[in-house]
Amino acid sequence: MENTEKSALELAEKEIAETGALSFPGRRRLWEAMGPLEPREQDSGTPRSLTGPLKKRAELALACAKKVSRIWCAFDGEDKRPRHLMKQTRAYLDGKISAEALNAERGVIDDFMIIVEDEGDSATAAALAAWDALVVALEDESLLEPCCADATDADLDPYDWDAAKNAAMAWRDAASGGDPGKRAVREMKYWAWYLEEWARLLGAEDYRFPPRYIRAFQEKQAPARPVPQEVTLESFAEYMGGRYQFHTYASLREGYDREPGTYTVSLWFGGNRSTCPVCHKETELVDIVHGDRCLWKIPLPGGRKLEVHRIMPNFRCPDHPDIPFIFPPSAELVSNYNAALKDYWKGPGRKQAFVEQLENRLPRMLNIQAVDVGYLANHWEELHLTNAGWVDREMEQYAFDVAPFLPNFFLHSCTLEQYLRYYPDQVRRLEDGSIEIELFRLWIRIWMDEAGRPKRAMLTTRFAIWVAGKPDKNPFLPKLLAELRGMTPEQVKESLRTAKPVSRDYELEPLSGLTRPEAIRFQATLEAGGVECRILPTPIAQQG
């Protein structure tokens with residue numbers, strides 16, 4: 001083995017032993033040691049020559065795809081396309097088909113990405129690995145291009161992952177039961193295999209990754225989490241790393257939905273602080289309470305489906321504001337929610353017991369999100385609102401009693417206590433003891449009882465005016481903004497600079513958070529002055 005190859009091997013071995021993974025810089029060093037990348041013009045559509053270095057890298061990528069092919073088959077044994085891609089790639093490397101014939105197969109990526117988006121299972125990465133191997137055979141590793149020389153894993157979008165990375169994601173989560181310790185060990189064993197496969201392709205067939213490194217790494221991992229014996233929504237939430245918040249059921253609407261009814265369980269992943277992944281400093285600054293789906297389209301008896309949502313504070317680091325997601329440590333307790341659910345349901349009667357919990361404990365609850373006040377007014381019976389009615393229809397103010405929903409009254413999937421904690425800048429305490437909260441397109445005023453619990457709420461629609469076209473290109477807008485909002489030229493300039501694009505329009509801060517009369521008056525003034533714009537949401541009086 002030459003010095004370059006030996007150095008790449010030693011560095012990769014050391015990294016895997018210490019971290020249990022192989023970073024992109026480490027993989028790139030291994031690829032470079034296999035030989036140079038054939039130069040070609042940027043964005044060229046012509047396949048590269050099947051040189052010796054390219055063929056080695058393609059063989060390595062194909063080996064990765066083959067290693068995880070069974071994981072894909074277990075996920076969807078009817079879909080043979082990944083196996084077909086590998087077969088065609090093998091034929092091309094053996095000189096049995098042309099580059100044109102192989103290139104004709106790559107259009108399947110669009111279908112694969114739809115599967116990834118719809119299913120969300122880590123096994124879908126196995127299908128992407130098969131496609132990646134095909135691309136490497138035609139074009140070599142795109143991440144070997146000079147523009148990626150200084151890139152790190154943080155710079156790579158998941159859509160740009162290579163075959164080895166996609167295969168690692170599929171391999172680590174398979175049979176891990178969602179347990180982070182098992183997951184970490186499986187990933188380490190995958191990269192150990194990868195290094196051995198790389199060495200074999202370079203002629204070092206006797207190389208073996210030292211087993212002592214795997215044993216030492218395994219001993220450092222936390223023990224597997226036991227599955228709770230009792231099947232309850234609370235034990236399910238705890239096993240998933242969170243706390244049960246609430247659940248809802250949306251039934252099939254005849255003549256409209258094609259999907260059966262769906263239970264949606266919301267879990268709270270709390271925490272008052274988290275750690276920045278860059279500087280490793282703790283932060284208590286919350287950017288927003290984030291919600292996402294960790295399980296969806298899970299079949300239940302009777303043709304129904306299950307979805308599970310995670311609700312958690314998303315922190316931000318003042319020294320690294322560009323880091324988009326910094327979640328509480330609890331959000332990292334489960335690495336594969338599909339596998340964890342299978343483990344939780346495993347055992348006689350456990351799945352049915354879980355369904356009975358969903359059916360028998362469906363709470364009377366109200367979760368106010370980006371709701372249209374008019375919707376509340378038109379569906380008050382369906383929502384079980386009591387003492388409900390218009391306070392001021394002109395201002396689009398609607399009130400109802402909150403006490404009947406307690407403790408299941410939520411704002412943007414948060415309890416009132418959680419919302420007040422994480423959004424203090426959107427809360428005003430009024431002289432009569434009530435509180436007023438900003439929530440997207442709403443003002444929510446809440447009155448408390450003697451025990452400090454919410455008893456009544458009034459919702460007022462907050463309107464915004466969206467301007468057509470780029471605001472800083474409109475010659476009439478600066479003067480009109482100054483007149484409408486009493487702004488200085490500097491303030492106008494800043495508001496134009498910070499305008500947010502929404503669809504084909506733009507939203508400006510001075511034209512947001514308006515009452516209905518303000519929005520109607522502002523729109524009329526702007527349009528009369530030559531500014532094309534519209535009101536969001538549409539006032540009830542204008543709804544067709």
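Open room surrounds CZ on Arg70; 12 or fewer heavy atoms of other groups in view lie less than 6.0 Å from it. More than 12 heavy atoms of other residues, nucleotides or ligands shown are found within 6.0 angstrom of CZ on Arg364. For Lys351, the NZ atom sits in a packed shell: over 12 heavy atoms of surrounding residues, nucleotides or ligands are nearer than 6.0 Å. Counting non-hydrogen atoms of neighbouring residues, nucleotides and ligands closer than 6.0 angstrom, the CG atom of Asp155 exceeds 12 such neighbours. For Trp447, the CH2 atom is densely surrounded, since the number of other residues' heavy atoms within 6.0 Å is greater than 12. The 12-atom threshold is exceeded at CZ of Arg90, counting heavy atoms of other residues, nucleotides or ligands nearer than 6.0 Å.
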Assess whether side chain to side chain contact (heavy atoms under 4.5 Å, CB included) is satisfied between Val286 and Arg316, documenting all intermediate values. CA-CA 6 Å; Val286 174; Arg316 60 183 173 86; over 6 Å; no
Let's go through Thr386 and Phe400 carefully: what are the C-alpha distance in whole Å and the side-chain angles of both, what is the deciding distance for side chain to side chain contact (heavy atoms under 4.5 Å, CB included) to 0.1 Å, and is it a yes or a no? CA-CA 6 Å; Thr386 58; Phe400 53 89; over 6 Å; no
Residues Arg428, Glu438; criterion salt bridge (Lys or Arg N to Asp or Glu O under 4.0 Å); working and verdict: CA-CA 9 Å; Arg428 290 183 295 276; Glu438 293 183 11; 3.2 Å; yes
Take Leu233 and Phe354 through the test side chain to side chain contact (heavy atoms under 4.5 Å, CB included) and record every step on the way to the result. CA-CA 7 Å; Leu233 293 172; Phe354 181 81; 4.1 Å; yes
Between Glu417 and Tyr422, is the side chain to side chain donor-acceptor pair (under 3.5 Å) condition met? List the steps. CA-CA 9 Å; Glu417 179 185 2; Tyr422 292 116; over 6 Å; no
Determine, step by step, whether Leu420 and Arg429 satisfy the side chain to side chain contact (heavy atoms under 4.5 Å, CB included) criterion, reporting the C-alpha distance in whole Å, the side-chain angles of both residues, the deciding distance to 0.1 Å, and the verdict. CA-CA 11 Å; Leu420 297 180; Arg429 299 188 181 276; 4.1 Å; yes
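Between Phe327 and His290, the ring centre distance stays below 6.0 Å. Ring-centre distance between Phe236 and Tyr344: below the 6.0 Å cut-off.
In this structure a side-chain-to-backbone donor-acceptor pair under 3.5 Å is missing from Glu284 to Asn272. No donor-acceptor distance shorter than 3.5 angstrom exists from the side chain of Gln426 to the backbone of Tyr423, with no hydrogens or angles considered. The backbone N or O of Val231 lies less than 3.5 Å from no partner atom in the side chain of Arg350, so there is not a single donor-acceptor pair. No donor-acceptor pair closer than 3.5 Å links the side chain of Arg273 to the backbone N or O of Pro328. The backbone N or O of Leu430 lies less than 3.5 Å from no partner atom in the side chain of Ser434, so there is not a single donor-acceptor pair. Of the possible donor and acceptor atoms, one in the side chain of Trp131 sits under 3.5 Å from a partner among the backbone N and O of Arg106. Trp198 places no side-chain N or O within donor-acceptor distance of the main-chain N or O of Arg57, the cut-off being under 3.5 Å. For Arg225 (side chain) and Tyr239 (main-chain N/O), a donor-acceptor pair under 3.5 Å exists by modelled atom type. Side-chain atoms of Thr262 never come within 3.5 Å of backbone atoms of Leu306 as a donor-acceptor pair (strictly under, hydrogens ignored). A donor-acceptor pair under 3.5 Å links the side-chain atoms of Asn360 to the main chain of Glu356, judged by distance alone.
Checked by atom type, the side-chain pair Glu381/His379 shows no donor-acceptor distance below 3.5 Å. Using modelled atom types, one finds a donor on one side chain and an acceptor on the other under 3.5 Å when comparing Tyr337 with Arg310. No side-chain donor from either of Ser413 and Gln245 sits under 3.5 Å from a side-chain acceptor of the other. The closest side-chain donor-acceptor pair between Asn336 and Arg172, if any, does not fall under 3.5 angstrom. Side-chain atoms of Glu238 and Tyr244 form no donor-acceptor pair, as typed in the model, at a separation below 3.5 Å. There is no side-chain donor-acceptor pair under 3.5 Å between Tyr263 and Gln357. Side-chain polar atoms of Ser274 and Glu282 form no donor-acceptor pair below 3.5 angstrom.
Aromatic ring orientation, Trp171 versus Tyr190: tilted (interplanar angle from 30° to 60°). Between Phe410 and Phe246, the two ring planes are tilted [angle within 30° to 60°].
Under the 4.0 Å criterion applied to side-chain N and carboxylate O atoms, Arg445 and Glu436 are not assigned as salt-bridge partners. The existence of a salt bridge linking Lys455 and Asp401 is excluded, since no basic side-chain nitrogen approaches an acidic carboxylate oxygen closer than 4.0 Å. One finds a salt bridge joining Lys346 and Asp343 here, because a Lys/Arg side-chain nitrogen approaches an Asp/Glu carboxylate oxygen to under 4.0 Å. With respect to the salt-bridge test (charged N to carboxylate O, under 4.0 angstrom), the residues Glu59 and Lys66 do not qualify. Ion pair Arg183/Glu187 not flagged as a salt bridge, since none of the NZ, NE, NH1 or NH2 atoms sits closer than 4.0 Å to an Asp/Glu carboxylate oxygen. Salt-bridge formation is not detected for the pair Lys14/Glu10: no Lys NZ or Arg NE/NH1/NH2 atom is positioned less than 4.0 Å from an Asp or Glu carboxylate oxygen. Salt-bridge check for Arg361 with Glu234: passed, with a basic side-chain N closer than 4.0 Å to an acidic carboxylate O. Taking a cutoff of 4.0 Å between a charged side-chain nitrogen and a carboxylate oxygen, Glu105 and Arg81 do not qualify as a salt bridge.
Considering only heavy atoms from C-beta on, Trp268 stays 4.5 Å or farther from Met312 through its side chain. Within the 4.5 Å cutoff, no side-chain heavy atoms of Phe24 are placed close to those of Thr152. Taking 4.5 Å as the limit, every side-chain heavy atom of Cys64 sits out of range of all side-chain heavy atoms of Asn166. Side-chain contact between Glu196 and Arg208: present, with at least one pair of heavy atoms (C-beta onward) separated by less than 4.5 Å. Using a 4.5 Å heavy-atom threshold, the side chains of Val355 and Glu359 count as touching. Annotation: side chain of Trp191 is not in contact with side chain of Phe209 (no heavy-atom distance under 4.5 Å). Between His309 and Thr264 the shortest side-chain heavy-atom distance falls below 4.5 Å. No side-chain heavy atom of Gln418 sits less than 4.5 Å from a side-chain heavy atom of Val289.
Taking CG of Leu536 as the reference point, atom CZ of Arg462 lies at 13.0 Å (rounded to 0.5 Å). Going from atom CG of Asp287 over to atom CD1 of Ile323 covers 12.5 Å, rounded to the nearest 0.5 Å. Here CG of Leu366 is found 9.0 Å from CG of Leu411. Values are rounded to the nearest 0.5 Å. Interatomic distance, Arg27 CZ to Leu22 CG, rounded to the nearest 0.5 Å: 6.5 Å. Interatomic distance, CZ of Arg421 versus OG1 of Thr415, reported as 7.5 Å (0.5 Å rounding). Taking CG of Leu30 as the reference point, atom CD of Glu141 lies at 11.0 Å (rounded to 0.5 Å).
Here the shortest heavy-atom pairing between Ala17 and Met188 reads CA-CE, 3.8 Å.
A cation-pi contact, defined as under 6.0 Å to the ring centre and within 45° of the axis, is absent between Arg28 and Trp31. Judged by the 6.0 Å distance and 45° axis criteria, Lys305 is not positioned over the aromatic ring of Trp296.
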